[in-house]
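Working notes, structure below.
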4 protein chains.
Amino acid sequence: MTSPTHAVERADARRNRELVRRTAMKVFAENGMDVSLGRIARRAGVGAGTVYRHFPSKEILLEAVPAENIDRMVAVADRWAARAAPGDALFGFLVDVIETSAGRQPVCDALAADRGRPRATLTAAARRFREALDRLLSNAKQAGAIHVDVQADDLTALISGGAVLQTTHRSKARGGWLVRLLLDGLRTPVVTEPADFRDNRGHETTTHCIVCGTPLSLRTTGRPARYCGPTCRQRAQRGRVAS
Amino acid sequence: MTSPTHAVERADARRNRELVRRTAMKVFAENGMDVSLGRIARRAGVGAGTVYRHFPSKEILLEAVPAENIDRMVAVADRWAARAAPGDALFGFLVDVIETSAGRQPVCDALAADRGRPRATLTAAARRFREALDRLLSNAKQAGAIHVDVQADDLTALISGGAVLQTTHRSKARGGWLVRLLLDGLRTPVVTEPADFRDNRGHETTTHCIVCGTPLSLRTTGRPARYCGPTCRQRAQRGRVAS
Amino acid sequence: MTSPTHAVERADARRNRELVRRTAMKVFAENGMDVSLGRIARRAGVGAGTVYRHFPSKEILLEAVPAENIDRMVAVADRWAARAAPGDALFGFLVDVIETSAGRQPVCDALAADRGRPRATLTAAARRFREALDRLLSNAKQAGAIHVDVQADDLTALISGGAVLQTTHRSKARGGWLVRLLLDGLRTPVVTEPADFRDNRGHETTTHCIVCGTPLSLRTTGRPARYCGPTCRQRAQRGRVAS
Amino acid sequence: MTSPTHAVERADARRNRELVRRTAMKVFAENGMDVSLGRIARRAGVGAGTVYRHFPSKEILLEAVPAENIDRMVAVADRWAARAAPGDALFGFLVDVIETSAGRQPVCDALAADRGRPRATLTAAARRFREALDRLLSNAKQAGAIHVDVQADDLTALISGGAVLQTTHRSKARGGWLVRLLLDGLRTPVVTEPADFRDNRGHETTTHCIVCGTPLSLRTTGRPARYCGPTCRQRAQRGRVAS
DNA sequence: TATGAATGAGCATTCATTCAT
DNA sequence: GATGAATGAATGCTCATTCAT
């Protein structure tokens, strides 16, 4: 009851809350959203009551998990905005989000307009997501890198559809290829990205291998990649040497 | 005892069976596949037992409903094959299916490779669908109307994704526009369809308004449309007069 | 609607009633008393409604079947009374009934005092059974062949218990042996049956093989058996020849 | 958290489990094994879920109840073995078990060879019972107190049959008398038990009133009885005085 | 605060019984 | 009369939620 005790207990509680959330995330991923709370509690090694202390209803727990995922995507959006040319940032982000969301129906639902009863946590996360997406989109439009008619609403729907496409596809890799092929249809063909975009650390960036054109995935740490792999890098070196 | 009596009895039962199926379809679309059979029965205005007489288990009902929908799409595929140039047939069919399937998750699931326990009815329907799709696709490829790398698997995944995209989109119309925009990315730009394709009744066909380019939906009855509406038709007439 | 038509229909109906009863008996024997009426109807090849026309409730059908069995036993009792010495008749009958009733719980229930709601058909059959049993018992008592304290109530309970004993026993044959062993405990040891009892056709009778002593089962047709099989008969012949 | 809290919690649960088991036992006895779990729950005054917490399926409850009863009988067998002469122990035990089992069909079923799917709990209990019975039987045989041909299988079947006999009989007392009369048929008449059997506390024992011969029930506490009641005891005293 | 036992509404399914054909 | 479709109460069982410990 003393202040330190109180503080300790709080830490305990927060730790427990996180434990439950992480367990729920895992179990949802493994067994779908229909798992019973009992199973989550058992997997987390806590009593049913403890789950309820932190998430007063199943619905709320069902929100907290995708909300967290959405917030992670917002962080990804911000990194793309900071690291790549406007068009590449938008398209790279879309590919990232779609790949991450594959198999997570609730995430997609949450991005869409709210259906059913209002779900505060999720709605707030979705709003933050929307704002980040808006920033990427308006940058890309200003850079002339995307079809001018495309709106943010289109993109959220596109993300849901793309995620399902990729989940549904027999081959995840091929699904990814198809998604990129479709996304390319939204680019403005004539406008090329300014060649000299530099990220906020001063590095030149590109989204495709500058030797063979293969798309590159965004690495948020380290110097931005320009080659799809060692083969192309070597080839580039040799070419430079040769000349 | 007599044959007519028998027939009448059957008609009654069939009517009820149809009632249940249609209700189930509606309820599934509104509330997802997790609705209880009790709710379906209540909505259909029949007793729980009646549902069970016609669909001996929930699983069977869960198959029967999408299987029927899939078979309807197969019929649509065949009509497109008979009525339009290869490329138009494929793309027109895709748009049709996606629009029809919007909001029907189970249909999409069924088109994909079978997950979980084998479901005979559904699998059979999916196979028929796949065969029809294969026909459309190979025709379109021979006509050079679609990206050569696209395979049937890509298209089934695409259908699922497109359906979700459209369902998810705030505006159904705008969702449709976006789907068409994405699909156009799969077309081979340089190859134009032979201009003089005629359907099996000898009519010239087109899939877009020949005045303003708006996509046309396939009418299976009457003479194939060439204009998106009276306005364009009138404009064409006037133009011809003028020249 | 004419009189002959009516008569024909009656014959039809009676035939159907018998069909249902016999089917029920078979199905009860195979699958226990918990079968659904639907299964009985299906096995009989009639509609559910037809079963209800003849047996207005399941309970009534559940009575009709054991009632019939009980009446058959009454007939057996009468045959024993006519064919064997009083003591043999009683004990032979008991063994017969126990063996016949093995596996038929409802029959045993019916023989006991009525528990639960009154079941008219069954009660009447049970009364007839009781009367036949009383006749056998009082004859046996007059002949001094059974423990004087034994009453009819004891015997009905004994039948139920014996049937269960035999059903329960791993080996049906051994169960029968045990039942006979127990029954022998009720005999009055000192009193021997009059050796010269003759049945109502004038034949001498015995209940055990006169060579080896094995118990004989009562054959209601043909001349009463005195040997348990051809081996013993031959042995007896040879003995007579030899002497 | 603390150990006492834990213990208390457990005590609560155990109390409820016992409540359910005892209620089930009662209800099974009254209404047969076909009662619904709902009725048991209602009778016990608990929710349906509580029944399921303790007995995860009806089948398990249907095993647990007779298994417990069987184990109680094993304890009775051991007490008889310790307290009475071999023959008396066996016959006394049989009478006890039959009386205890009267009206408990499932117990009898369980003693018999396993029919249907294997039921682990019940089978284990039946095995323990069988072993205890075997001990009593072989002792009795060595003492020459029972018909040599009788086997353990015979006795389990006999118990089932005897229980039904007694249950079925209009008068429970008379049923008991009859059962004892039948059992006496299994004894070896000539061999008398050694008169001086002493139990493991050194007392002389008998199973029948040494004055009037009435059978005595085994008292597991106190000094073994030798008279059926005060009347006979007094008579014996007087006799001794007189002599 | 954490635990897990208790609760009871809800679900899929069966089945005796009724009734339109 | 016969048929079998329709009915709806009941069953075994689950699970979100509450609450005593």
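A, B, ... follow the sequence lines: proteins, then strands. Residue 1 opens every chain.
- Listed nucleotides E:dC11, F:dA16, E:dT7 differ in distance to A:Lys58; the shortest reach to its side chain belongs to F:dA16.
- Distances shown here put every side-chain N or O of C:Asn16 at or beyond 4.0 Å from the OP1 or OP2 atom of F:dG1.
- The existence of a salt bridge linking B:Glu18 and B:Arg15 is excluded, since no basic side-chain nitrogen approaches an acidic carboxylate oxygen closer than 4.0 Å.
- Rounded to a whole Å, the CG atom of B:Leu61 is 15 Å from the C1' atom of E:dC11.
- Across all strands shown, F:dT7 pairs with E:dA16; the Watson-Crick or G-U wobble distances both stay below 3.5 Å.
- The phosphate of F:dA6 (OP1 or OP2) has a side-chain N or O of B:His54 nearer than 4.0 angstrom.
- The side chain of B:Ser57 has E:dT13 as its nearest neighbour among E:dA6, E:dT13, F:dA6.
- When heavy atoms are screened at a 4.0 angstrom cut-off, D:Thr50 is found touching base atoms of the nucleic acid.
- In plain terms, the two heavy atoms of B:Ser57 and B:Tyr52 that are nearest each other are CA-CE2, 4.2 Å.
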Derivation of the salt bridge (charged side-chain N to carboxylate O under 4.0 Å, His left out) call for A:Arg39 and A:Glu30: CA-CA 12 Å; A:Arg39 187 199 277 238; A:Glu30 290 170 16; 6.0 Å; no

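- Using N1 to N3 plus N6-O4 or O6-N4 for Watson-Crick, or N1-O2 and O6-N3 for G-U wobble, each under 3.5 Å, E:dT21 pairs with F:dA2.
- Counting only heavy atoms from C-beta on, D:Asp12 has its side chain closest to F:dT21 among F:dT3, F:dT21, F:dA16.
- Of the residues in residues 19-27 of chain C, not one places a heavy atom less than 4.0 Å from an atom of DNA chain E.
- Taking every side-chain heavy atom of D:Leu37 into account, F:dC13 is the closest of E:dT7, F:dC13, F:dT21.
- Side-chain proximity of C:Arg53 to the nucleotides E:dC11, F:dG12, F:dA2 is greatest for F:dA2.
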